[in-house]
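Each remark here refers to the structure printed beneath this line.
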Amino acid sequence: MQIPEEVKDLISCLRSAGYSAYAVGGCVRDSLLGRTPGDWDLCTSALPEEMKTVFAGEHLVETGLRHGTLTVVRNHVPYEVTTYRIDGTYTDHRHPDSVSFVDRIDLDLSRRDFTINAMACDDLGRILDPFEGRADLGRRLIRCVGEPEQRFEEDALRILRALRFASVLDFEIEGETERAIRTLYPTLERVAAERIRTELMKLICGAGMGRILRGYPEVITFLIPCLKPAVGYDQQNPHHRYTVWEHTIRAMEGVPQDPALRMTMLLHDSGKPYVRTTDGQGIGHYAGHQAFSARMAAEVLEKLRFDRAQSERIVRLVEAHDIPLSTEKRLLLRRLNKYGEEDLRALFVIHCADRIATGTRNPEHARAHLEELNRALDSVLAERPCYTLKDLKINGRDLLDRGLRGREIGEMLEILLGRVMDGRIDNTREALLKEADRERGKET
Ligand code: ATP
Ligand code: MG
């Protein structure tokens, strides 16, 4: 196993002071899988105060001393060092009533959630693996350490973490662990929204996301109840081969592994079952589902405590997920004005994924159209066009000087911007002022 020099050094600092210490958890798992660990966590027999002595004079952050964690920052990289501990009893299914520091690594490993997360490694790369985590990595299995039901009863978040790791690593879930998930998922109710959100976002961005959403719809819709009607929902429409749920999953698979895009696709058609009408031929129609989905998305994101900016962005993308798009310059400028470049490119991708996920469109055509849209946007942007008020060659002050007041100013600027985007007037000071005068003359 490859261990960064800094980590070896941290371990040997603790060892020279008479303590034992290991790298532990996710970093060991990821290294064994040949993935680059996001961070390196250490654990040690040293108590928090003892760690402070060992690392005296270094950049330290007292992250969670009461839980035994001290962060040592070296070269701007934080390393969490935590005293070996065991958790007391869990009466609320989310926090241990107490934690006790212990001086044995094996006890610390036994409190961890899954066998693949319960391995430690010393500075020579020797691995401690009391629960056969390495074998489970080989079998590509998520398996609880100990009795699954008991471990999920202690901390319900582990249920979602099991699905998260199965998705991200594209692993199967071992039978007993799976059974416990299917029985106990309603206890997720007690878990804080922020913890749910973090795991759920990782889950939907994982390589095995589709398999997990297909296999555990009851868990996902327990967390996002407005999606319940989507599961198994026959769209009764010739343009749609799949149920809303299957279409949703395929649409998610069709966009990059980005939290905002995946979340947009998860929610984009959530409103369909709620707005459906059926015509004389028995065909289902879904007028207004975009706005309905957007409203439900806003509620979902609020409940999961997304920050405002991200939530507003996702809601905007859900609402606009199937707006008309074309390569025509005039329309592209209007779209740029409304959504900005980043979101407009996102909408191109969303469109493409949404079409392919119907199961009735030619994927090659959809992808070719996506490329055409991006190329058309490239060439429009290459001309450095005017598509926001900021780009206009005059501003409010110029209109104020010409006697316009209050709301008139903003309205006039919008009119002028519209005409510039439509190519009816040039974006020059002279042309804009002339048009403003002409427009005012029309009014009086
Ligand atoms: P990631 O790469 O996503 O950070 P990770 O395995 O490091 O994955 P963390 O949430 O950072 O996951 O947790 C670090 C370690 O702490 C885990 O590997 C696991 O050993 C342990 N752990 C984390 N959360 C729990 C939990 N709810 N119950 C038991 N052990 C946990
Ligand atoms: Mg981690």
Side-chain angles (χ1 to χ4, degrees), residues 4 7 22-44 63-64 67-69 71 77-90 92-97 99-100 102 105-121 127-134 136-137 141-171 177 180-181 184-185 187-188 190-192 194-209 257 259:
V7 174
Y22 299 87
V24 69
C27 59
V28 179
R29 176 199 71 223
D30 287 344
S31 303
L32 289 172
L33 284 170
R35 295 174 156 237
T36 310
D39 41 34
W40 288 78
D41 297 329
L42 281 78
C43 60
T44 179
T63 334
H67 296 101
T69 303
T71 301
V77 182
Y79 299 91
E80 282 194 358
V81 190
T82 305
T83 308
Y84 303 146
R85 47 172 246 225
I86 49 174
D87 299 330
T89 49
Y90 288 73
D92 65 354
H93 307 269
R94 37 182 189 187
H95 304 294
D97 302 327
V99 300
S100 327
V102 294
I105 175 82
D106 57 323
L107 292 176
D108 182 282
L109 293 176
S110 70
R111 72 161 169 100
R112 293 173 183 271
D113 46 9
F114 307 111
T115 59
I116 59 168
N117 288 347
M119 291 182 278
C121 162
I127 288 166
L128 297 186
D129 179 19
F131 305 103
E132 298 186 26
R134 219 170 166 168
D136 284 341
L137 281 181
L141 270 187
I142 305 300
R143 180 200 308 271
C144 283
V145 169
E147 188 63 49
E149 290 215 4
Q150 187 198 332
R151 304 311 309 283
F152 292 157
E153 297 268 13
E154 289 168 358
D155 178 3
L157 184 71
R158 291 172 187 154
I159 293 167
L160 189 55
R161 283 174 62 86
L163 300 185
R164 185 263 271 203
F165 285 112
S167 170
V168 170
L169 302 173
D170 208 5
F171 279 21
T177 300
I181 292 172
L184 292 173
Y185 70 84
T187 59
L188 276 166
R190 306 165 180 136
V191 178
E194 289 82 356
R195 298 176 81 203
I196 300 266
R197 183 193 62 229
T198 306
E199 296 298 332
L200 189 60
M201 289 307 101
K202 290 182 178 176
L203 190 169
I204 65 176
C205 291
M209 176 278 300
Q257 289 165 283

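Scope of the values below: all heavy atoms of this structure, side chains included, with no hydrogens, waters or symmetry mates. Note that the structure is a prediction, hence the values are computed from the model and not measured. We count ligands from 1, going down the list as the structure has it; atoms in each ligand are counted the same way. Position 1 is the first residue of the sequence, and the numbers go up from there.
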Under 4.0 Å from any heavy atom of [X], which atoms of ligand 1 are there?
X      : result
Arg158 : 26 (C), 27 (N), 28 (N), 29 (C)
Gly25  : 18 (O)
Arg164 : 1 (P), 3 (O), 8 (O)
Lys202 : 3 (O)

Test of understanding: given a 4.0 Å heavy-atom threshold, classify the contact between [X] and ligand 1 as side chain, backbone, both, or neither.
X      : answer
Met119 : neither
Phe165 : side chain
Asp155 : side chain

Among Val24, Leu32, Asp136, Leu128, which residue meets the side chain to side chain contact (heavy atoms under 4.5 Å, CB included) test with Met119?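 Passing option: Leu32.
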
Identity and distance of the protein heavy atom lying nearest [atom]:
atom                    : result
atom 12 (O) of ligand 1 : Arg161 NH2, 3.5 Å
atom 5 (P) of ligand 1  : Arg29 NH1, 3.8 Å
atom 7 (O) of ligand 1  : Gly26 CA, 3.6 Å
atom 16 (O) of ligand 1 : Arg112 NH1, 3.5 Å

Would you say [X] contacts ligand 1, with heavy atoms under 4.0 Å as the rule?
X      : result
Leu157 : no
Arg151 : no
Phe114 : no

Is it the case that the side chain of Asp87 and the backbone of Pro96 share a donor-acceptor pair, with hydrogens and angles ignored and the cut-off at 3.5 Å?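 Checked: no pair found.
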
Side-chain (Arg151) to main-chain (Arg112) donor-acceptor, under 3.5 angstrom: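 Flag set: sc Arg151 to bb Arg112 pair under 3.5 Å.
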
Close side-chain approach of [X] to [Y], heavy-atom, < 4.5 Å:
X      : Y      : result
Tyr22  : Val28  : no
Pro78  : Asp39  : no
Val102 : Arg111 : no
Phe114 : Arg161 : yes

Going through the distances and angles, do Val168 and Arg35 end up as a side-chain contact (heavy atoms from CB on, under 4.5 Å)? CA-CA 12 Å; Val168 170; Arg35 295 174 156 237; 4.0 Å; yes

Do you see a donor-acceptor pair shorter than 3.5 Å between the side chains of Thr63 and Thr71?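 Yes - a donor-acceptor pair under 3.5 Å links their side chains.
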
Show your working on side-chain contact (heavy atoms from CB on, under 4.5 Å) between Leu137 and Phe171 and close with a plain yes or no. CA-CA 9 Å; Leu137 281 181; Phe171 279 21; 3.9 Å; yes

Check each of Ile159, Asp113, Ile116, Asp41 against atom 14 (C) of ligand 1 and report the one with the nearest heavy atom.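 Nearest heavy atom to atom 14 (C) of ligand 1 lies in Asp41.
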
I'd like to check whether Glu199 has a polar contact with ligand 1, where a contact means an N/O of the residue lying under 3.5 Å from an N/O of the ligand.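 Not met; the criterion fails.
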
